[in-house]
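What follows is a single structure, written as structure tokens, with notes after it.
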Amino acid sequence: MATRQAVLERTASLYERVRRVIPPVEWPAFAEDVDAILALKRARNAVILAHNYQTPEIFHCVADLVGDSLALARKAMDVEADVIVLAGVHFMAETAKLLNPDKTVLIPDLGAGCSLADSITPADVRLMRQRYPGVPIVTYVNTSAAVKAESDICCTSGNARAIVEALGTDRVIMLPDEYLARNVAAETHVEIIAWKGHCEVHERFTPDDIRQLRESHPGVTVLAHPECPPAVVAEADFSGSTAAMSDYVDSRKPPRVVLLTECSMSDNIAVQHPDVDFIRPCNLCPHMKRITLANIRRALEENRHEVTIAAPLMAPARRAVERMLAA
Ligand code: 13P
Ligand code: SF4
């Protein structure tokens, strides 16, 4: 049995990656799980895919592949391991399963949902199709496999405008995020029919927050996720997916920046940018935060919770995701 000291020695180089955002006193509480997870990954031929909103000890210390929803879907296509642990929310695990039907896909906590995915049912999509015959239905990946199965094509925040325009029609239905739909509508000539779903994290940001931030932090660059209300996006300096925000900081290196999105984003990016001053008013996603090192470890030890897709949904839902990836 490994001694505590041996565990700390084995994980010392990993701690170096996150020392700017995790105080030394907190590391011993993570080190044992990190060490166990690395061994379990080898033993089970498993990989961990982690979304940008995962906490730094997951994102930087145990994840094999990281990114926004689009990158995770793309990377899921190339996984060669037997087991995929999705450190993210349930729709992301379903997407990984759709693209890897023969692999074991695990989500460490079944309660890791999403307010957007909960805002629409397959019956709602069928009603929209009846109401707007012939209008293509673009569904945000933040939906259940059952909703994807009723759609023509998926999109993410990273490719929404490109997908809408690639369809070559004058009108599209875009579900379920009203704000993403309106933010895309502001940038394209295509008419967009929206739904009324909102992200419970991003809907809380207001234009007033931005004005106050600019007053109290002169010169701050404001980046907003496109799930924020359009009035927030209009006041921001840049809007893009979590990967686009990360790329913006990498390439432009703003001296002072605020990311209007989930809290862990800034921590994860800050690790690589000691010269950037991150102002951190942020909102926590309670669903993303259900994933912890402890339940990732348990997922690998006990093979839980396995994500499955009902057989009739598999082909149509997969088609909607694959059409997006091919567009
Ligand atoms: P991204 O695809 O931009 O990472 O967004 C996913 C998400 O859930 C944002 O709230
Ligand atoms: Fe869903 Fe919003 Fe959480 Fe993203 S941040 S998983 S959209 S609730």
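Numbers here simply count residues along the sequence, with the first being 1. Whatever order the structure lists ligands and atoms in, that order sets their numbers, starting from 1.
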### SG-SG under 2.5 Å, Cys199 vs Cys114
no
Thinking salt bridges, do [X] and [Y] make one under a 4.0 Å N-O criterion?
X      : Y      : answer
Lys148 : Glu94  : no
Arg214 : Asp237 : yes
Arg161 : Glu165 : yes
Arg211 : Glu235 : yes
Asp152 : Arg129 : yes
Glu322 : Arg319 : no

### Query
Under the side-chain hydrogen bond (donor to acceptor under 3.5 Å, both in side chains) criterion, do Asp250 and His273 qualify, and how do the steps go?
CA-CA 8 Å; Asp250 286 347; His273 291 285; 2.7 Å; yes
#### Entry: Side chains of Cys263 and Tyr53 in contact at under 4.5 Å (non-hydrogen atoms)
no
### Query
Contact residues of ligand 1 with a heavy-atom cut-off of under 4.0 Å?
His51, Tyr53, Asp68, Ser69, Asn142, Ser157, His202, His225, Glu227, Ser241, Thr242
### Task
Output, by chain and residue number, all protein N/O/S atoms separated from atom 1 (Fe) of ligand 2 by less than 2.8 Å.
Cys114 SG
### Message
If you apply the rule side-chain contact (heavy atoms from CB on, under 4.5 Å), what do you find for Val257 with Met245, and how did you get there?
### Response
CA-CA 10 Å; Val257 71; Met245 285 193 253; over 6 Å; no
### Per-atom contacts of ligand 2 with Tyr53, taking only distances under 4.0 Å to non-hydrogen atoms
5 (S)
